[in-house]
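Below is one structure; the comments refer to it alone.
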Amino acid sequence: MQKKPKKESTGKAGDGAKPGIDIPKAYDSSKEMEIYKLWERSGAFNPDNIKSKKKPFVMTLPPPNANGKQHVGHMCGYSFQDCMGRYHRMKGEPTLLLAGKDHAGIQTEAVFTKYLAEQGIDKWELGRDEFYKRCYKFCIENADYAREQEKRIGLSADWSREKFTLDPALNKVIYETFYKLFDEGLVYRGQYIINQCTNCRTALANVDTEHEQKKGIFAYIKYPVVGEKDTYITVATTRPETMLGDTAVAVNPKDSRYKKFVGKMVELPLTDRQIPVIADRKVDKDLGTGALKITPAHSAIDFEIGIEHELKIVNVIDEEGLMNENAPEKYQGMKTSEASKAVLEDLDKAGLLEKVEDITHEILVCERCRSVIEQIISKQWFVNVESLAKNAIKAIDSGETTNVPKYFNRVLKNWLKDIRPWCISRQLWWGHRIPIWYCGGKELYDWLIDNPGKTAEDYEKATGNKAKGCGQVIASDEKPKGGCPKCKNAELESEEDCMDTWFSSGQWPFSTLGGPDGEDYKKFYPTDVMETMHDILFFWVARMMMLGIYRTGKAPFHTVYLHGMILAPDGRKMSKSKGNVVEPKEIFEKYGADALRLWYFSDALPGKNTPIRHEKLQGNRNFVNKIWNASRYIMFQISDFSDEEIQELDKSIGERLAGLSKSKDKWEKETFNVAEKITKYLDKYQFNLAVELNREFFWHKLCDEWIEETKNLVANKPENKIESFARLITVLAVMLKLIHPFAPFITEQVWQNLRNRGLLSGESELLMISDWPE
RNA sequence: GGACCGGUAGCUCAACUGGUUAGAGCACACGGCUUACAUCCGUGAGGUUGGGAGUUCGAGUCUCCCCUGGUCCACCA
């Protein structure tokens, strides 16, 4: 089917244009930034400039990674944040939207290291200090680009208060929190099985890892029973190379097949070690062969069993994922995958490999780089967050903090309930250094952890090494003056590791306000709404609640609004590797910021994943254009009014707006009803309904009916033209206010046009700070 | 293995604590440049709300079962 060719408008008959006035037929969204500058210059983004006795409305905005460009998904969050901010600002509440940037430790370090490598610069040659300096500069430069995008979507943040997670003022607060945790014994160094990303070369917390389906093998290996000829216990494993670190074979105590072996020893193939057969009820009889090889150093369940049975721990994989010196010499230096093949070959040669099955199973991968996680035993800094988590749960139970949508309350609580110690040390350079000094060095301290109750003298005796200090640690971000407070030793070794990024961003709602002693803190804490996406509920929201309550005694916000995820047009997650990323710039140019925002409010609803659709953006652009043209009609009609007539019109509009809530005029009454509904929707975070009602009412009532009626009225009774337009412009002005939080640019533009014509003189200069109709 | 969320018009989704005839945008059909707007206007078609049972005066909404997508958590070797 062919579409009819569109006819060009003549620009004459249909324009209704009056001589001497020239208003384009289509709204030009490329001028949106001029409007933004108008707002910025007014100073109204800064709550200090708003004189009001009302309680402030505060949102600390999620800081995007400082190192990169932002995609369409980020714009979504800003839109919701800005909408809430504008609404409350118009209600006369001193409104603070506090923006900033996150140093995003592990991710930025990876990105910047790669960036350096592309220029032929090696991170290790550069050295830590120089790396830090250059990375800092890199972030600050990139942040400028991100900020422009934030402004482009209309974000009315107080840029004078903008923060970076590595700002000195924030560092101070972040370290104070660490010291408090340390003094209360909640921060400690311990040896546990941890997730090691061999690509990023750092330890990760559980939440930094993800599960992925991968093809693998299931190998059945025969362990000869010591002293019994031709008798074997067969174990099944997906990781044959870890057998080199086995320190036991475990069976279920009720398993009749293996009962007779419990207490005996088996030979560990390919090594000269013998390991015991133990009984543990955690072993599942029906899984594999029912006999489980125990590698405490490389499996979480084995680690637990190992501790209970006081097994030796043999770590055979190093931080880079290579077989280390604890493995037989032949395998040392091999990657785990190579070692796996070699071990299988050698077992086969020895006649100890029963069979190998191909299977698909879940493995852990790094949340950032998606490479396979090695579980290794290691000493790291941990935070015991159990008590903090309990308080966070209390805040949810008491309703001090609520999630939108509600069901995330339960999701969050379940996570908090099962929480484990939080590994906060990362083997990185980019971030806050863990503020710890070791008297006598890290090696001594780590030895003391392995040998509880022992002293530095015991260390000397046991290892033959000289202890260079008393073995104490001191928490301080600067080298303690006067050395170790206990033994006065001046030679202190500093911790090299950095803190997990989320340890600092988890303090964002109060670190940005100067901490519990800050001036801003007194004015603005606790904040009101945290607007973000559900994918960082555990990473971030949970940590903010725990650390916020811990430091301040108050939950950092009363509402967590979790908007939906924006997907690519093909319905999949946007990612560079898939090549389906939509650049905000493209959308801004095609449809304008207002259209994009309106689409978010209708479609990116809590709990939903929404693919970006051009038809929908087009529809919203059309709505924006409709607003433009409604005002265009009015501007034309009043263009030939005399000065006296304009004054009369303005006066009448002013009176009508002032008496809106009590007006008996049908149009004004209906419009006020809409205002009440929109207010209700905004208070309940039902943005989609608000936008729908705005669109419905503006388009199908104001435009389709009332403008048409006005045309007739004016034609039939020209003597009533001022009254007719006063009604019309009054309802238009109210609608501009009601639409402004959603589509700020077009509404402000129309407002300015009316003001420039001498109307709305009793109202604020800027729509942005005009009074919300209520 | 545990938990959670969906399944409503061709598509993407609405419908607040159960309450008129289940809505919108886009797409579709037909007709229109009517003096703001063709990024528009008018008219129209399109739904047994995944299936089944139950509670109720009344169910898309509450309960149970089934089918079917999706997400998160978890130490299945």
Side-chain angles (χ1 to χ4, degrees), chain A residues 1 4 6-18 23-27 193 206-207 210-211 218-219 235-239 242 249-250 282-284 286-295 298-305 359 361-362 364 375 405 407-408 410-411 414-415 418 534-535 537-538 564-565 567 571 591 595 598-599 602-637 677 680-681 683-686 688-689 691-693 695-696 699-700 703-704 707-708 710-711 715:
Chain A
M1 281 222 288
K4 282 186 201 168
K6 284 180 182 174
K7 287 179 186 170
E8 283 296 316
S9 173
T10 58
K12 283 177 196 163
D15 281 8
K18 310 256 172 163
I23 305 175
K25 287 164 75 114
Y27 171 63
I193 185 138
N206 281 345
V207 73
E210 283 180 10
H211 295 254
F218 206 34
V235 297
T237 178
T238 55
R239 296 286 304 274
T242 63
V249 169
K282 281 199 276 297
V283 178
D284 186 340
D286 304 321
L287 233 110
T289 62
L292 175 62
K293 63 188 268 311
I294 301 294
T295 324
H298 303 296
S299 153
I301 185 170
D302 294 7
F303 181 72
E304 274 178 37
I305 292 176
I359 55 156
H361 62 147
E362 294 231 314
L364 280 181
Q375 301 207 306
Y407 68 80
F408 276 114
R410 219 173 326 146
V411 176
N414 286 341
W415 189 80
D418 294 336
H534 63 85
D535 63 335
L537 191 67
F538 304 142
M565 184 167 32
L567 304 173
Y591 308 104
L598 288 165
W599 172 67
S602 343
D603 275 25
L605 301 177
K608 296 281 174 201
N609 298 338
T610 311
I612 191 161
R613 302 265 177 208
H614 287 273
E615 316 91 77
K616 294 208 157 202
L617 290 164
Q618 216 168 65
N620 284 305
R621 181 203 57 185
N622 295 353
F623 176 48
V624 171
N625 198 52
K626 190 72 183 176
I627 299 171
W628 174 250
N629 269 295
S631 79
R632 181 166 178 262
Y633 164 75
I634 289 170
M635 294 305 288
F636 282 149
Q637 295 306 313
K677 278 189 190 156
K680 191 185 86 189
Y681 288 145
D683 286 337
K684 293 168 101 175
Y685 306 98
Q686 293 173 309
N688 57 323
L689 298 182
V691 167
E692 198 179 317
L693 179 58
R695 184 202 309 272
E696 170 69 23
W699 203 314
H700 301 299
C703 294
D704 290 354
I707 287 184
E708 295 308 316
T710 305
K711 285 179 189 170

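By convention in this document, chain letters (A, B, ...) are assigned in the order of the sequence lines, proteins followed by strands, and residues within each chain are numbered from 1.
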_Nucleotide rC16(B), atom P - distance to CG of L693(A) in whole Å_ = 15 Å
*asked:* Check this one for me: any side-chain N or O of R410(A) less than 4.0 Å away from OP1 or OP2 of rC4(B)?
replied: yes
*Check if the side chain of K616(A) and the base of rC26(B) share a donor-acceptor pair of N or O atoms closer than 3.5 Å.*
no
*asked:* With a 3.5 Å limit on both atom pairs, tell me what rC4(B) is paired to, counting Watson-Crick and G-U wobble, or say none.
replied: rG70(B)
*asked:* Can you tell me the base-pairing partner of rC26(B)? Count Watson-Crick or G-U wobble geometry only, both distances below 3.5 Å, and say none if there is no partner.
replied: rG10(B)
*Mind checking whether R632(A) and N625(A) have side chains closer than 4.5 Å, heavy atoms only?*
no
*With both distances under 3.5 angstrom, what nucleotide forms a Watson-Crick or G-U wobble pair with rU39(B)?*
none
_Does this structure show an ion pair linking R695(A) with E692(A), if we count only N-O contacts that are shorter than 4.0 Å?_
no
*In whole Å, what separates the C1' atom of rG69(B) from that of rA74(B)?*
22 Å
_Stepwise side chain to side chain contact (heavy atoms under 4.5 Å, CB included) test for W599(A) and T610(A)_ = CA-CA 10 Å; W599(A) 172 67; T610(A) 311; 3.8 Å; yes
_Suppose you measure atom C1' in rG46(B) against the same atom in rA22(B); what distance do you get, rounded to whole Å?_
14 Å
*What does rA53(B) pair with, Watson-Crick or G-U, if both distances are under 3.5 Å?*
rU63(B)
*N629(A) side chain to K25(A) backbone, donor-acceptor under 3.5 Å*: yes
*Protein-nucleotide distance (F538(A), atom CZ; rA3(B), atom P), rounded to Å*: 15 Å
*Is there side-chain contact between F218(A) and H361(A), with heavy atoms separated by less than 4.5 Å?*
no
*asked:* In whole Å, measure the gap between the P atoms of rG47(B) and rC57(B) for me.
replied: 31 Å
*asked:* In whole Å, I'd like the distance from the CG atom of D704(A) to the C1' atom of rU34(B).
replied: 13 Å
*asked:* Can you see if the side chain of K711(A) gets near the phosphate of rC37(B) - specifically, an N or O under 4.0 Å from OP1 or OP2?
replied: no
*Nearest-neighbour nucleotide for the T610(A) side chain, rU12(B), rC5(B), rC40(B) considered*: rU12(B)
*asked:* Please pick, from rC16(B), rA77(B), rA74(B), the nucleotide with the shortest atom-to-atom distance to any side-chain atom of H211(A).
replied: rA74(B)
*Kindly say whether, by distance alone, the side chain of K684(A) makes a donor-acceptor pair under 3.5 Å with the base of rC16(B)?*
yes
*How many Å lie between CD on E615(A) and P on rU12(B), as a whole number?*
11 Å
_As a test of reading the structure: which of rU12(B), rC4(B), rA24(B) is closest to the side chain of E692(A), going by heavy atoms?_
rA24(B)
*asked:* Heavy atoms from C-beta onward define the side chain here; which of rU12(B), rC75(B), rA77(B) lies closest to that of T238(A)?
replied: rA77(B)
_From the set rA77(B), rC40(B), rC13(B), return the single nucleotide nearest to any side-chain atom of N622(A)._
rC40(B)
*For N629(A) and rC40(B), give me the distance from atom CG to atom P, rounded to whole Å.*
10 Å
*What distance, rounded to whole Å, do you find between the two C1' atoms, one in rG44(B) and one in rA36(B)?*
26 Å
*Separation of Q618(A) atom CD from rC11(B) atom P, in whole Å?*
20 Å
*Select base, sugar-phosphate, or nothing to describe what N609(A) touches, counting heavy atoms under 4.0 Å on all strands.*
sugar-phosphate
*Just compare rC41(B), rA36(B), rC16(B) and give me whichever is closest to any side-chain atom of C703(A).*
rA36(B)
*Does Y27(A) reach the side chain of R621(A), with side-chain heavy atoms less than 4.5 Å apart?*
no
*Please state how far atom CG in N688(A) lies from atom C1' in rU12(B), giving the value in whole angstrom units.*
13 Å
*Separation of atom CG in N620(A) from atom C1' in rU39(B), rounded to whole Å*: 12 Å
*Is the side chain of W628(A) donor-acceptor paired with the backbone N or O of P24(A) at a distance under 3.5 Å, no angle test?*
yes
*asked:* Among rC72(B), rU12(B), rA36(B), which nucleotide has an atom closest to any side-chain atom of Q637(A)?
replied: rA36(B)
*asked:* Taking rG42(B) as the reference, what is the distance to rC37(B) when you measure between their P atoms (whole Å, please)?
replied: 15 Å
*asked:* Looking at W699(A), I'd like to know whether one of its side-chain N or O atoms comes within less than 4.0 Å of OP1 or OP2 on rC41(B).
replied: yes
*Picking from rA77(B), rA38(B), rA14(B), which would you name as closest to the side chain of D284(A)?*
rA77(B)
*Side chain of L689(A) only, please: which of rA14(B), rU39(B), rA38(B) is the nearest?*
rA14(B)
*Write down the distance separating the P atoms in rG18(B) and rA59(B), rounded off to the nearest Å.*
13 Å
*NA contact type, L537(A), heavy-atom cut-off 4.0 Å: base, sugar-phosphate, or nothing?*
nothing
_Phosphate-side-chain proximity, K293(A) and rA77(B), N/O vs OP1/OP2 below 4.0 Å_ = no
*For R621(A), report the nucleic acid contact type (base, sugar-phosphate, nothing); a contact means any heavy atom under 4.0 Å.*
base
_side chain to side chain contact (heavy atoms under 4.5 Å, CB included) between H534(A) and N609(A), worked out_ = CA-CA 11 Å; H534(A) 63 85; N609(A) 298 338; 4.1 Å; yes
*Between Y27(A) and A291(A), just flag the one whose closest nucleotide in RNA chain B comes earlier from the 5' side.*
Y27(A)
*With side chains defined as the heavy atoms from C-beta onward, is the minimum distance between M565(A) and D535(A) less than 4.5 Å?*
no
_Side-chain N or O of K608(A) closer than 4.0 Å to phosphate OP1/OP2 of rA14(B)_ = yes
*Does H534(A) make a side-chain N or O approach to OP1 or OP2 of rU71(B) shorter than 4.0 Å?*
no
*Tell whether E708(A) reaches the base of rA36(B) with its side chain through a donor-acceptor pair below 3.5 angstrom.*
yes
*Select base, sugar-phosphate, or nothing to describe what V283(A) touches, counting heavy atoms under 4.0 Å on all strands.*
base
*asked:* I'd like the P distance from rA77(B) over to rG19(B), given in whole Å.
replied: 48 Å
*Quote, to the nearest angstrom, the P distance that separates rG7(B) from rG51(B).*
12 Å
*Closest nucleotide of RNA chain B for A26(A) versus for S602(A): which of these residues is on the 5' side?*
S602(A)
*Choose from rC16(B), rA36(B), rC41(B) the nucleotide whose nearest atom is closest to any side-chain atom of F636(A).*
rA36(B)
